[in-house]
Amino acid sequence: MRIDVLSLFPGMFAPLTESIMGKALEKGLLDFAVTDFRQYSHDKHNHVDDTPYGGGAGMLLKPEPIFEAMDDLTAQHPGPKRVILLDPAGKRFDQTEAKQLAQAEHLVFICGHYEGYDERIRSLVTDEYSLGDFVVTGGEMPAMIMIDAIARLLPGVLGNAESAPTDSFENGLLEYPEYTRPPEYRGMAVPEVLQNGNHQLIAQWRLKESLRRTWQRRPDLLDGLTLDQTAQKLLAEVKREARTIDAGEPEAD
(Lines give C-alpha, C1' and ligand atoms only; values in the text may rest on other atoms or scores of the structure.)
Protein backbone atom coordinates (compact mmCIF):
# COMPACT_ATOMS: atom_id res chain seq x y z
CA MET A 1 0.00 0.00 0.00
CA ARG A 2 0.98 3.60 -0.57
CA ILE A 3 -0.32 6.44 1.60
CA ASP A 4 0.08 10.09 0.64
CA VAL A 5 -0.97 13.09 2.68
CA LEU A 6 -1.54 16.65 1.48
CA SER A 7 -0.95 18.98 4.42
CA LEU A 8 0.25 22.45 5.30
CA PHE A 9 2.13 21.01 8.27
CA PRO A 10 4.14 17.96 7.12
CA GLY A 11 6.25 18.02 10.28
CA MET A 12 3.22 16.93 12.30
CA PHE A 13 3.45 13.48 10.71
CA ALA A 14 6.94 12.68 12.05
CA PRO A 15 5.53 10.40 14.81
CA LEU A 16 4.18 8.06 12.13
CA THR A 17 7.76 7.02 11.34
CA GLU A 18 8.05 5.51 14.84
CA SER A 19 6.67 2.37 16.51
CA ILE A 20 4.59 -0.09 14.45
CA MET A 21 4.25 2.26 11.48
CA GLY A 22 8.01 2.86 11.44
CA LYS A 23 8.66 -0.88 11.34
CA ALA A 24 6.22 -1.26 8.45
CA LEU A 25 8.12 1.41 6.53
CA GLU A 26 11.46 -0.26 7.28
CA LYS A 27 10.14 -3.61 6.03
CA GLY A 28 8.82 -2.05 2.83
CA LEU A 29 5.25 -3.06 3.67
CA LEU A 30 4.09 0.52 3.27
CA ASP A 31 5.12 3.61 1.30
CA PHE A 32 4.30 6.88 3.02
CA ALA A 33 4.85 10.50 2.02
CA VAL A 34 3.57 13.93 2.99
CA THR A 35 3.32 16.81 0.51
CA ASP A 36 3.20 20.42 1.66
CA PHE A 37 0.63 21.82 -0.74
CA ARG A 38 1.72 25.37 0.12
CA GLN A 39 4.45 24.90 -2.47
CA TYR A 40 1.69 24.99 -5.09
CA SER A 41 0.50 28.45 -4.09
CA HIS A 42 0.45 31.18 -6.75
CA ASP A 43 1.68 34.34 -5.04
CA LYS A 44 4.88 35.52 -3.40
CA HIS A 45 3.37 35.26 0.06
CA ASN A 46 2.41 31.59 -0.47
CA HIS A 47 -1.23 32.13 0.37
CA VAL A 48 -3.33 28.98 0.18
CA ASP A 49 -6.54 30.51 1.57
CA ASP A 50 -8.88 33.38 0.77
CA THR A 51 -12.11 34.96 1.97
CA PRO A 52 -15.39 33.26 0.99
CA TYR A 53 -17.58 34.65 -1.78
CA GLY A 54 -20.73 36.14 -0.31
CA GLY A 55 -19.00 37.07 2.94
CA GLY A 56 -18.76 35.22 6.20
CA ALA A 57 -16.29 34.44 8.94
CA GLY A 58 -13.00 32.65 8.43
CA MET A 59 -10.91 31.71 5.42
CA LEU A 60 -11.28 28.91 2.88
CA LEU A 61 -8.62 26.75 1.27
CA LYS A 62 -8.20 27.74 -2.36
CA PRO A 63 -8.67 25.06 -5.03
CA GLU A 64 -5.45 25.62 -7.03
CA PRO A 65 -2.88 24.27 -4.53
CA ILE A 66 -4.88 21.11 -3.84
CA PHE A 67 -5.68 20.41 -7.49
CA GLU A 68 -2.10 20.97 -8.62
CA ALA A 69 -0.67 18.87 -5.81
CA MET A 70 -3.03 16.07 -6.87
CA ASP A 71 -1.98 16.52 -10.51
CA ASP A 72 1.67 15.95 -9.57
CA LEU A 73 0.81 13.03 -7.31
CA THR A 74 -1.19 11.34 -10.05
CA ALA A 75 1.61 11.89 -12.59
CA GLN A 76 4.12 10.27 -10.23
CA HIS A 77 1.83 7.48 -9.08
CA PRO A 78 -0.83 6.68 -11.67
CA GLY A 79 -3.52 4.17 -10.92
CA PRO A 80 -6.62 3.90 -8.73
CA LYS A 81 -6.73 5.93 -5.52
CA ARG A 82 -9.05 6.44 -2.58
CA VAL A 83 -8.88 10.19 -1.95
CA ILE A 84 -10.00 10.98 1.57
CA LEU A 85 -11.18 14.34 2.83
CA LEU A 86 -11.23 14.90 6.60
CA ASP A 87 -14.43 16.83 7.20
CA PRO A 88 -17.09 17.11 9.96
CA ALA A 89 -19.72 16.26 7.34
CA GLY A 90 -18.04 12.93 6.52
CA LYS A 91 -19.23 9.53 7.67
CA ARG A 92 -18.00 8.26 11.01
CA PHE A 93 -14.70 6.40 10.83
CA ASP A 94 -14.67 3.08 12.67
CA GLN A 95 -12.96 -0.32 12.58
CA THR A 96 -15.16 -1.54 9.73
CA GLU A 97 -14.11 1.43 7.62
CA ALA A 98 -10.46 0.87 8.58
CA LYS A 99 -10.63 -2.72 7.31
CA GLN A 100 -12.22 -1.60 4.06
CA LEU A 101 -9.61 1.10 3.45
CA ALA A 102 -6.82 -1.35 4.26
CA GLN A 103 -7.74 -3.20 1.05
CA ALA A 104 -6.89 -0.18 -1.14
CA GLU A 105 -3.67 0.09 -3.14
CA HIS A 106 -3.25 3.83 -2.69
CA LEU A 107 -4.79 6.23 -0.18
CA VAL A 108 -4.51 10.00 -0.34
CA PHE A 109 -5.52 12.14 2.65
CA ILE A 110 -6.37 15.81 2.17
CA CYS A 111 -5.93 17.69 5.45
CA GLY A 112 -7.80 20.95 5.61
CA HIS A 113 -7.22 23.95 7.80
CA TYR A 114 -8.90 27.28 8.42
CA GLU A 115 -12.69 27.54 8.14
CA GLY A 116 -13.13 24.98 5.37
CA TYR A 117 -12.59 24.11 1.71
CA ASP A 118 -13.55 25.64 -1.57
CA GLU A 119 -16.38 23.28 -2.57
CA ARG A 120 -14.70 22.41 -5.87
CA ILE A 121 -12.01 20.47 -3.99
CA ARG A 122 -14.64 17.82 -3.24
CA SER A 123 -14.66 16.86 -6.92
CA LEU A 124 -11.27 15.19 -6.30
CA VAL A 125 -12.54 13.17 -3.36
CA THR A 126 -13.82 9.60 -3.21
CA ASP A 127 -14.46 9.41 0.55
CA GLU A 128 -15.20 11.89 3.33
CA TYR A 129 -14.63 10.92 6.97
CA SER A 130 -15.07 12.37 10.44
CA LEU A 131 -13.80 11.01 13.75
CA GLY A 132 -16.72 12.38 15.72
CA ASP A 133 -18.89 15.34 16.58
CA PHE A 134 -16.17 17.71 17.69
CA VAL A 135 -13.96 20.32 16.03
CA VAL A 136 -10.17 20.25 15.78
CA THR A 137 -7.84 22.83 14.25
CA GLY A 138 -6.98 20.84 11.14
CA GLY A 139 -7.18 17.45 9.49
CA GLU A 140 -3.67 16.34 10.44
CA MET A 141 -4.41 14.58 13.73
CA PRO A 142 -7.54 12.81 12.44
CA ALA A 143 -5.52 11.66 9.42
CA MET A 144 -2.78 10.28 11.68
CA ILE A 145 -5.30 8.32 13.71
CA MET A 146 -6.89 6.88 10.58
CA ILE A 147 -3.52 6.00 9.04
CA ASP A 148 -2.42 4.20 12.19
CA ALA A 149 -5.69 2.25 12.38
CA ILE A 150 -5.40 1.25 8.72
CA ALA A 151 -1.68 0.46 8.62
CA ARG A 152 -1.79 -1.98 11.53
CA LEU A 153 -4.27 -4.11 9.55
CA LEU A 154 -1.86 -4.62 6.65
CA PRO A 155 -0.39 -8.14 6.39
CA GLY A 156 2.91 -8.41 8.22
CA VAL A 157 2.72 -5.05 10.00
CA LEU A 158 1.93 -6.44 13.45
CA GLY A 159 4.52 -8.79 14.90
CA ASN A 160 1.80 -11.13 16.19
CA ALA A 161 -0.71 -12.08 13.49
CA GLU A 162 -3.34 -12.70 16.17
CA SER A 163 -3.14 -9.18 17.62
CA ALA A 164 -5.49 -7.42 15.18
CA PRO A 165 -8.29 -10.04 15.21
CA THR A 166 -8.49 -9.86 19.01
CA ASP A 167 -8.65 -6.06 19.21
CA SER A 168 -11.73 -4.22 20.40
CA PHE A 169 -14.42 -3.82 17.70
CA GLU A 170 -13.01 -6.62 15.50
CA ASN A 171 -15.95 -8.88 16.41
CA GLY A 172 -18.25 -6.00 17.29
CA LEU A 173 -17.43 -6.24 21.00
CA LEU A 174 -15.03 -4.47 23.32
CA GLU A 175 -11.92 -6.43 24.21
CA TYR A 176 -11.88 -8.55 27.36
CA PRO A 177 -9.65 -7.64 30.36
CA GLU A 178 -6.07 -8.87 30.13
CA TYR A 179 -3.40 -9.58 32.76
CA THR A 180 0.30 -10.34 32.97
CA ARG A 181 2.76 -11.18 35.76
CA PRO A 182 2.86 -10.99 38.75
CA PRO A 183 -0.17 -13.17 39.58
CA GLU A 184 -1.02 -10.90 42.52
CA TYR A 185 -0.22 -7.23 43.04
CA ARG A 186 -1.37 -5.02 45.91
CA GLY A 187 -4.17 -7.39 46.76
CA MET A 188 -5.39 -7.65 43.16
CA ALA A 189 -5.18 -11.17 41.77
CA VAL A 190 -5.22 -12.47 38.21
CA PRO A 191 -8.42 -14.53 37.69
CA GLU A 192 -7.72 -18.19 38.39
CA VAL A 193 -9.25 -19.32 35.09
CA LEU A 194 -6.44 -17.57 33.19
CA GLN A 195 -3.79 -19.53 35.10
CA ASN A 196 -5.16 -23.06 34.83
CA GLY A 197 -4.11 -23.76 31.22
CA ASN A 198 -7.58 -24.84 30.10
CA HIS A 199 -7.88 -22.98 26.80
CA GLN A 200 -11.56 -23.82 26.33
CA LEU A 201 -12.45 -22.28 29.70
CA ILE A 202 -10.17 -19.32 29.00
CA ALA A 203 -11.90 -18.68 25.66
CA GLN A 204 -15.31 -18.84 27.34
CA TRP A 205 -14.20 -16.48 30.12
CA ARG A 206 -12.82 -14.01 27.59
CA LEU A 207 -16.02 -14.03 25.56
CA LYS A 208 -18.13 -13.54 28.69
CA GLU A 209 -15.98 -10.67 29.94
CA SER A 210 -15.98 -9.10 26.49
CA LEU A 211 -19.77 -9.25 26.50
CA ARG A 212 -19.85 -7.86 30.05
CA ARG A 213 -17.61 -4.92 29.21
CA THR A 214 -19.56 -4.14 26.03
CA TRP A 215 -22.93 -4.35 27.81
CA GLN A 216 -21.71 -2.14 30.65
CA ARG A 217 -19.82 0.47 28.62
CA ARG A 218 -21.11 0.39 25.03
CA PRO A 219 -24.51 -1.32 24.99
CA ASP A 220 -25.22 0.34 21.65
CA LEU A 221 -22.71 -2.02 20.02
CA LEU A 222 -24.84 -5.02 20.96
CA ASP A 223 -27.87 -3.64 19.10
CA GLY A 224 -26.36 -4.39 15.71
CA LEU A 225 -24.92 -7.82 16.55
CA THR A 226 -26.29 -11.30 15.96
CA LEU A 227 -25.01 -13.42 18.83
CA ASP A 228 -24.78 -17.20 18.63
CA GLN A 229 -26.38 -19.39 21.32
CA THR A 230 -23.23 -19.52 23.43
CA ALA A 231 -22.84 -15.74 23.44
CA GLN A 232 -26.54 -15.25 24.18
CA LYS A 233 -26.28 -17.60 27.16
CA LEU A 234 -23.19 -15.84 28.50
CA LEU A 235 -24.78 -12.41 28.07
CA ALA A 236 -27.84 -13.63 30.00
CA GLU A 237 -25.49 -14.74 32.80
CA VAL A 238 -23.83 -11.33 32.81
CA LYS A 239 -27.17 -9.57 33.17
CA ARG A 240 -28.33 -12.01 35.85
CA GLU A 241 -25.14 -11.44 37.84
CA ALA A 242 -25.60 -7.69 37.58
CA ARG A 243 -29.15 -7.93 38.91
CA THR A 244 -27.91 -10.08 41.81
CA ILE A 245 -25.25 -7.52 42.72
CA ASP A 246 -27.74 -4.63 42.44
CA ALA A 247 -30.08 -6.49 44.78
CA GLY A 248 -27.29 -6.86 47.31
CA GLU A 249 -27.28 -10.64 47.16
CA PRO A 250 -24.04 -12.64 47.19
CA GLU A 251 -23.05 -14.15 43.84
CA ALA A 252 -23.38 -17.90 43.49
CA ASP A 253 -20.15 -19.85 43.10
Side-chain angles (χ1 to χ4, degrees), residues 1-37 61 65-66 69-70 73-74 77 79-117 121-159 163-175 218 220-221 224:
M1 172 185 278
R2 179 178 178 85
I3 298 179
D4 280 282
V5 179
L6 305 185
S7 168
L8 293 173
F9 302 98
M12 291 183 68
F13 291 86
L16 288 184
T17 62
E18 303 288 340
S19 187
I20 295 295
M21 180 93 168
K23 292 177 182 177
L25 294 171
E26 289 176 7
K27 294 177 182 177
L29 302 173
L30 178 68
D31 289 326
F32 176 68
V34 185
T35 298
D36 182 354
F37 61 84
L61 283 177
I66 301 291
M70 280 297 302
L73 192 57
T74 299
H77 304 283
K81 299 173 180 59
R82 298 281 293 270
V83 182
I84 297 166
L85 190 71
L86 284 307
D87 188 88
K91 61 182 171 180
R92 185 71 61 88
F93 179 73
D94 59 18
Q95 190 69 9
T96 299
E97 296 295 329
K99 287 191 284 188
Q100 184 189 63
L101 292 171
Q103 304 303 311
E105 295 181 12
H106 191 174
L107 299 177
V108 181
F109 289 81
I110 300 177
C111 300
H113 229 71
Y114 310 113
E115 181 67 20
Y117 309 89
I121 291 171
R122 296 185 196 275
S123 67
L124 298 169
V125 172
T126 61
D127 304 270
E128 296 185 29
Y129 284 103
S130 168
L131 294 192
D133 297 335
F134 54 89
V135 179
V136 293
T137 303
E140 284 77 15
M141 286 187 286
M144 284 189 276
I145 291 171
M146 288 184 64
I147 291 168
D148 184 85
I150 293 164
R152 67 193 309 280
L153 297 174
L154 300 177
V157 169
L158 296 181
S163 293
T166 60
D167 283 341
S168 290
F169 307 113
E170 276 299 317
N171 62 356
L173 301 173
L174 299 182
E175 192 174 5
R218 289 290 307 277
D220 58 296
L221 295 176

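Keep in mind it's a predicted model, so treat the numbers as computed, not measured.
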Practice problem: Please identify each residue that fulfils side-chain contact (heavy atoms from CB on, under 4.5 Å) with Ala151, with sequence neighbours left out. | Solution: Met21, Leu30

Self-check item: Residues that Asp31 engages under side-chain contact (heavy atoms from CB on, under 4.5 Å), provided they are two or more places apart
Solution: Arg2

Exercise. Please list, chain by chain and in numerical order, all residues satisfying ring-ring contact (aromatic ring centres under 6.0 Å, His included) with Phe93, sequence neighbours excluded.
Key: Tyr129

Practice problem: Mind listing the closest non-hydrogen atom pair of Ala24 and Val157 along with its distance? | Solution: CB-CG2, 3.9 Å

Quiz item: Between Ile110, Leu61, Leu73, which is the residue that forms a side-chain contact (heavy atoms from CB on, under 4.5 Å) with Phe37?
Solution: Leu61

Quiz item: Heavy-atom distance under 4.5 Å between the side chains of Cys111 and Val5, does that happen here?
Solution: yes

Exercise. Tell me, yes or no, whether the heavy-atom count around Met144 atom CE, taken from other residues, nucleotides or ligands under 6.0 Å, exceeds 12.
Key: yes

Quiz item: Under 4.5 Å between any side-chain heavy atoms of Leu86 and Met146, yes or no?
Solution: yes

Quiz item: Which distance, rounded to the nearest 0.5 Å, do you find between the CZ of Phe109 and the CG of Asp4?
Solution: 10.5 Å

Practice problem: Write out all pairs satisfying salt bridge (charged side-chain N to carboxylate O under 4.0 Å, His left out) with one or both partners inside residues 129-140, taking only residues at least two apart or from two chains. | Solution: Arg92-Asp133

Quiz item: Among pairs that include at least one residue of residues 14-25, which meet side-chain hydrogen bond (donor to acceptor under 3.5 Å, both in side chains), considering only residues two or more places apart or in two chains?
Solution: none

Practice problem: State which residues pass side-chain contact (heavy atoms from CB on, under 4.5 Å) with Glu105; sequence neighbours excluded, sorted by chain then number. | Solution: Pro80

Practice problem: Find the distance between NE2 (His106) and NE2 (His77) and round it off to the nearest 0.5 Å. | Solution: 6.0 Å

Practice problem: Output the distance between atom CD1 (Ile147) and atom CD1 (Ile3), rounded to the nearest 0.5 Å. | Solution: 5.0 Å

Quiz item: What pair of heavy atoms forms the shortest contact from Asp127 to Val125, and how long is it?
Solution: O-CG1, 3.1 Å

Quiz prompt | Heavy-atom closest contact (Leu154 atom, Ala102 atom, distance) | solution = CD2-O, 3.5 Å

Quiz prompt | Leu158 vs Ile20 side-chain heavy atoms within contact, under 4.5 Å | solution = yes

Exercise. Could you tell me the separation between the CG atom of Leu153 and the NZ atom of Lys99, rounded to the nearest 0.5 Å?
Key: 8.0 Å

Quiz item: Is any side-chain heavy atom of Lys81 closer than 4.5 Å to a side-chain heavy atom of Thr74?
Solution: yes

Quiz item: So how far is it from Ile145 CD1 to Ile150 CD1, rounded to the nearest 0.5 Å?
Solution: 11.5 Å

Quiz prompt | Results of side-chain contact (heavy atoms from CB on, under 4.5 Å) for Thr126 - residues two or more places apart only | solution = Arg82, Val83

Practice problem: Tell me, with the steps shown, if Glu128 and Arg122 meet side chain to side chain contact (heavy atoms under 4.5 Å, CB included). | Solution: CA-CA 9 Å; Glu128 296 185 29; Arg122 296 185 196 275; 2.8 Å; yes

Practice problem: Could you pull out the closest heavy-atom pair between Tyr117 and Gly112, with the gap in Å? | Solution: OH-N, 3.2 Å

Quiz item: Can you check whether Leu131 reaches Val136 side chain to side chain, under 4.5 Å on heavy atoms?
Solution: no

Quiz item: Between atom OG1 of Thr35 and atom CD1 of Ile66, what is the distance when rounded to the nearest 0.5 Å?
Solution: 10.0 Å

